[in-house]
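On a predicted model such as this, the values are computed, not experimentally measured, just so you know.
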Amino acid sequence: MSKSPFHPPAAAEGLLRLFLLDDESFEKLGDFAEGFQLKAEERGRQKAVVWYWLQVFRVIPPFVRNILYWSIAMLKNYFKIAVRSIRRHPGYSFLTIAGLALGMACCILILFWVRDERSTNTFHEKAGSVPALREDYPEVLNMARFQNGQGEFLLEYGDVKFKELVQLADPEIFQLFSFPFVGGNPEEAFGDPQVLVLSEKTAERFFGSDDPVGKVMTFNGDMDFRVVGVMKDIPYNSTIRFDVWVPLKVGETFWLFGPISR
């Protein structure tokens, strides 16, 4: 018989090699190749290719069933051995399992902690900006001063009085950091030193469902401040957290504070 010019499709032949055991690969591949050549000579190459692929697909299910069967059998074996070992050496097994569980728990907690630390301040849209003095460095787009730390001050509206966490800072803080307003206009924070901005929860505490913008509140017992905006509550993963913003000029004029940060 002359050598046939027809060869099985390379992709199908390669896939077939994956599912055949080593000891039967040569024989099976030879049988399939011979069958392919006969089909190609009798019915044409296209029909032979279809026939070859069908043979490949018939080989796959038994192979998968075989793998699943032995995998499940091995898992059962491992489980039985583990149970026997635990029964024979309960103390040692307890220490081993407890150590493994503790190690895994510590790893998970460390991963959560690292993720939380890496998320600090990332909600700011301009978190990558470099702080510097605008006057000394022309390339700096903006700057803002803020008082180191926050302090609690008495805030009043009518008969409602609460001590709130207050941050004194330049109004540019709303341009540099992402403290989005849900009410009012950030531009109104510029120019007038006796204005303030409330967080959502603080606004609700004092005004309920009423709009606080434009209302006048008493700050620190003796100064009237106009509410110019309500900002979203600051996320927990921010190094700058406060419930009320007041212009830094107020502190420079009426109080003696510590060093001012830039």
Side-chain angles (χ1 to χ4, degrees), residues 11-26 28-29 56-131 146-152 162-167 169 173 176-180 182 199-202 204-205 231-245 258-259 261-262:
E13 192 174 26
L15 189 61
L16 190 61
R17 290 178 187 274
L18 292 176
F19 293 103
L20 291 177
L21 299 177
D22 292 338
D23 56 352
E24 64 180 12
S25 294
F26 182 79
K28 287 286 186 183
L29 286 171
V56 173
F57 290 139
R58 285 172 182 168
V59 169
I60 294 175
F63 176 83
V64 174
R65 283 197 301 268
N66 188 52
I67 290 293
L68 288 176
Y69 172 81
W70 287 110
S71 297
I72 293 172
M74 290 301 293
L75 284 175
K76 287 181 178 178
N77 244 5
Y78 291 144
F79 181 74
K80 289 178 181 178
I81 292 171
V83 171
R84 288 172 185 169
S85 177
I86 291 172
R87 288 177 177 174
R88 289 177 183 175
H89 311 284
Y92 175 78
S93 300
F94 172 78
L95 290 175
T96 303
I97 295 171
L100 177 63
L102 183 61
M104 292 178 64
C106 289
C107 287
I108 293 172
L109 289 174
I110 289 172
L111 286 173
F112 279 126
W113 177 78
V114 170
R115 182 182 178 185
D116 182 70
E117 288 295 306
R118 287 176 60 85
S119 70
T120 300
N121 291 333
T122 54
F123 66 94
H124 292 301
E125 294 176 1
K126 302 173 184 177
S129 299
V130 178
F146 60 93
Q147 176 66 30
N148 277 337
Q150 298 83 32
E152 284 193 343
F162 289 105
K163 279 192 173 182
E164 301 293 343
L165 192 63
V166 176
Q167 175 68 66
I173 192 174
L176 292 173
F177 301 101
S178 300
F179 299 127
V182 295
S199 66
E200 282 184 295
K201 64 180 180 182
T202 303
E204 184 177 358
R205 187 180 297 128
M231 63 180 181
K232 285 187 177 180
D233 294 334
I234 300 175
Y236 77 95
N237 59 344
S238 172
T239 54
I240 305 174
R241 299 190 66 191
F242 55 92
D243 296 317
V244 180
W245 168 85
S261 299
R262 289 178 171 82

Hey, what do you get for [atom1] ([X]) to [atom2] ([Y]), rounding to the nearest 0.5 Å?
X    : Y    : atom1 : atom2 : answer
T202 : F242 : OG1   : CZ    : 10.5 Å
R84  : I81  : CZ    : CD1   : 7.0 Å
L95  : L102 : CG    : CG    : 11.5 Å
D243 : K163 : CG    : NZ    : 14.5 Å
S178 : K232 : OG    : NZ    : 10.5 Å

Exercise for review: Please report the closest heavy-atom contact between I234 and R241, naming both atoms and the distance.
Suggested key: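 Closest approach of I234 to R241, heavy atoms only: O-NH2, 3.9 Å.
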
Review point. Of all heavy-atom pairs between F177 and I240, which one has the smallest distance, and what is that distance?
Key: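 In terms of heavy atoms, the two residues are closest at CZ-CD1, 4.0 Å.
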
Practice item. Please check if the side chain of S93 supplies one atom and the backbone of H89 the other of a donor-acceptor pair under 3.5 Å. Key: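 At least one qualifying donor-acceptor pair exists.
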
**Study point:** Check: E200 main-chain N/O paired with D233 side-chain donor or acceptor under 3.5 Å
**Key:**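 A pair under 3.5 Å: yes.
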
Practice item. Please check if atom CD in E204 has more than 12 non-hydrogen atoms from other residues, nucleotides or ligands closer than 6.0 Å. Key: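 No, because the 6.0 Å sphere around CD of E204 holds 12 heavy atoms or fewer from other groups.
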
